[in-house]
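Since the structure comes first, as structure tokens, the remarks are kept for the end.
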Amino acid sequence: MSGAHQWPISAYGCNGYIENGYGLGLSPYTNETEQKMLAALSAALPDASIATARTAVSILVTRMHSAFGWAALMDRPNDPAGLGRILLPALESGALLAHPDTFSRAATLLKAVAQAGSVSPAQIEGAVGKAVDLADTNGIGDHVKDVLVGCLGDSDISNLGLARHRERLGESPPEIPPPIPTLTNWTPWSLVDHLRQQGVPMTEEIESAARTLDAVLREAQNGRNTTPDTIARLIAAFMTASEVFGEAEAVAPRLQHLLVSAARQLAYADATNPDSSHGLVVLQVLNDAAEDPDAGSFQE
Amino acid sequence: MKAWIPGMRDMAIDGLSALARRPDWRSASDGEVIISRIQDALDDENPVVRMCAAQAIGSLHPDVDAAERVRIIGDRLNNEPHENVQDVLLGVLASAVTEAPQEVDQVLRDFVTESASTNGLPETDDHQLDLVVDILTFLAVTQETSFAPSVVEQWVAAAPRFTAESLRAVQSLRDYITPDAEPDVQARAFQLLMTAAEAALELWTRNPEEHGPESRPPATETAELEGALRVADSIVDQIYFASGASGNGDDDLVALDSTHAQFATRAFPVLAKCACTKAGPVLHRVVETLVYLGPLDEKRALLAIADAVAGDYSYAGDRLAGAKVIPYLKNLLANHRELVLFDEQGVAAFKHLLSAFASAGNESALEMAFTFADVFR
């Protein structure tokens with residue numbers, strides 16, 4: 001990036017910046033170690049000596065550009081007012097208060113500091129004013145600005161612009177929204193999950209074999225991933241499943257469908273030749289299914 | 001083609017069909033079982049199953065010759081009611097077209113006669129129309145079979161009635177007009193393009209009042225006019241891309257070589273015919289192609305461009321047109337002075353183009369016109 005950063009931050013004479021973000025939330029499943037570390041730092045800062053706390057915040061301002069990191073530092077603090085006081089110089093830069101990934105947590109700290117009355121209202125106003133300016137510069141919506149201005153009391157605001165803005169919000173300014181829940185985590189929904197949800201009984205062995213076969217088959221059906229390694233794993237999963245399903249007393253029709261689908265996929269693979277051990281199993285599965293009453297249909 | 005939801009039986013036949021297409025499986029001890037399964041599946045009551053089996057129909061009779069194999073596929077095709085299954089059978093038929101062209105021609109004669117109405121092939125299945133037209137176009141220009149040349153000629157000569165067939169045939173012809181195409185094949189392909197261009201132009205110009213700003217022709221006539229213009233547009237597109245004028249993807253033009261001479265000789269009359277529509281997009285493609293082919297014979301290209309632009313100066317007012325033609329004129333002045341300053345026809349064509357673009361307000365053209373005012377006085 002050339003020129004000025006979009007989200008500059010400074011505190012105790014140190015300068016840095018926060019990278020752009022899209023408000024996608026803090027995932028409990030990613031960067032778990034970093035989150036634990038930052039939570040520990042968050043808990044320790046209010047009780048640390050002033051010099052130590054300032055040094056720590058200075059390092060963070062200079063080195064930590066990740067909005068996710070700042071969000072983790074400010075996430076559910078034990079002592080919001082205490083942490084807010086330590087971070088106030090950084091909050092006064094405006095970036096933490098206006099950035100989509102950090103604003104609700106930063107606003108919570110600012111409000112806690114304001115309510116504790118341990119810092120001057122001018123500092124709080126200054127922080128909100130900077131944040132509103134940055135929000136305007138970076139195209140952040142009105143709601144964020146309304147929330148930030150709502151953190152100010154409804155009287156004695158010296159900045160005329162902020163005072164008018166606060167007046168417009170009336171007696172019920174918008175609440176600080178809870179941090180956006182994680183939107184970036186997902187786990188693949190598989191055929192086996194679907195059968196489980198429908199209450200189809202499966203032994204652990206069948207479930208495991210089906211889950212593996214389903215996953216590898218989907219990989220193989222995605223043309224980009226049809227490598228010899230994928231085919232080798234599909235053969236192994238197919239052989240295991242055909243053995244496990246064959247020994248079971250009953251197997252759900254949908255799992256038989258899965259087995260036939262895998263056999264069809266393998267019929268197209270060069271590795272499936274008449275001399276291969278799995279080739280005869282593929283042929284057997286296809287032959288058996290060729291007489292099945294279930295057949296496809298065209299979509300009209 | 002319609003999408004389908006697979007079932008157990010068709011998935012199994014699809015897999016067995018894949019095995020049946022492999023010589024190692026056909027000659028294995030289980031080969032006969034696999035072939036037998038596919039044979040039965042071809043008569044299955046379910047069309048999805050038949051479709052899966054049809055993929056292997058070309059492999060079921062390895063001992064018969066290509067002609068007999070095509071007849072077997074043809075029998076199946078002409079008795080198959082479902083379009084998806086027909087499409088698969090047509091695909092298999094296409095793979096045998098070079099081995100047994102006369103038989104494929106015969107099968108398609110029966111198929112087209114049976115399925116087409118007076119307005120051409122059924123348009124409910126674009127994929128099928130494309131398949132049939134592609135095979136017949138191939139036969140018409142490379143094999144000169146008995147049915148294909150006449151039906152393709154009929155389609156391109158009567159574009160308003162057969163717009164879909166005509167458009168597909170024109171598109172398909174690109175492969176046969178390329179500069180390195182076999183000369184006889186290229187000649188037949190260009191002849192078909194000329195027939196299509198004449199038909200499109202005749203329709204487009206049948207009533208000049210239809211093109212007026214106040215004109216409100218009935219929907220059927222509007223559709224015909226649109227069809228004619230699409231055919232003309234497609235023709236110039238095919239010639240443009242076949243010529244190499246579009247470059248190789250990195251904006252580098254394909255260098256002209258000896259094969260382009262014959263190509264240009266055949267392409268110029270067709271381009272001139274299409275340019276007579278005076279439709280901007282068609283005209284611009286014509287000009288782009290002529291400029292590209294210009295170095296083969298600059299005088300021929302200059303006269304053709306002047307003719308193409310003549311009569312309708314709205315094209316000269318288009319910024320894209322100026323961006324192509326003005327640099328071309330500058331290049332002629334710099335590198336072909338003899339042609340544009342002393343050759344009587346060349347001077348006239350150059351003045352005509354410069355005048356057209358200057359009149360349309362093109363600043364570069366005006367500047368050139370003032371600069372060379374004395375020369376052209």
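Every chain is numbered from 1, with letters handed out A, B, ... down the list of sequences.
Using a 4.5 Å cut-off between heavy atoms, A:Ala295 contacts chain B through both its backbone and its side chain. Contact annotation for B:Asn46: only side-chain heavy atoms (C-beta onward) come within less than 4.5 Å of a heavy atom of chain A. A:Gln265 does not touch chain B: none of its heavy atoms, backbone or side chain, sits under 4.5 Å away. Neither the backbone nor the side chain of A:Asp275 comes within contact range of chain B; no heavy atom of the residue lies under 4.5 Å from a heavy atom of that chain. Heavy atoms closer than 4.5 Å to chain B are found nowhere in A:Ala262, neither backbone nor side chain. Looking at B:Ile13, the atoms closer than 4.5 Å to chain A (heavy atoms on both sides) all sit in the side chain, from C-beta outward.
Most heavy-atom pairs under 4.5 Å with chain B, from the set A:Leu266, A:Val282, A:Leu283: that is A:Leu283.
The backbone N or O of B:Val133 sits less than 3.5 Å from a side-chain atom of B:Thr137, completing a donor-acceptor pair. Between the side chain of B:His82 and the backbone N or O of B:Pro47, no donor-acceptor pair lies under 3.5 Å. Not one N or O on the side chain of B:Gln55 forms a donor-acceptor pair closer than 3.5 Å with the backbone of B:Val88.
Between B:Glu68 and B:Arg71, at least one side-chain N (NZ, or NE/NH1/NH2) sits under 4.0 Å from a carboxylate O, which counts as a salt bridge. Contact check on B:Asp10 versus A:Arg264 returns no salt bridge, with no Lys/Arg side-chain nitrogen under 4.0 Å from an Asp/Glu carboxylate oxygen.
In this structure, B:His127 and B:Leu131 have side chains that are in contact, with non-hydrogen atoms separated by less than 4.5 Å.
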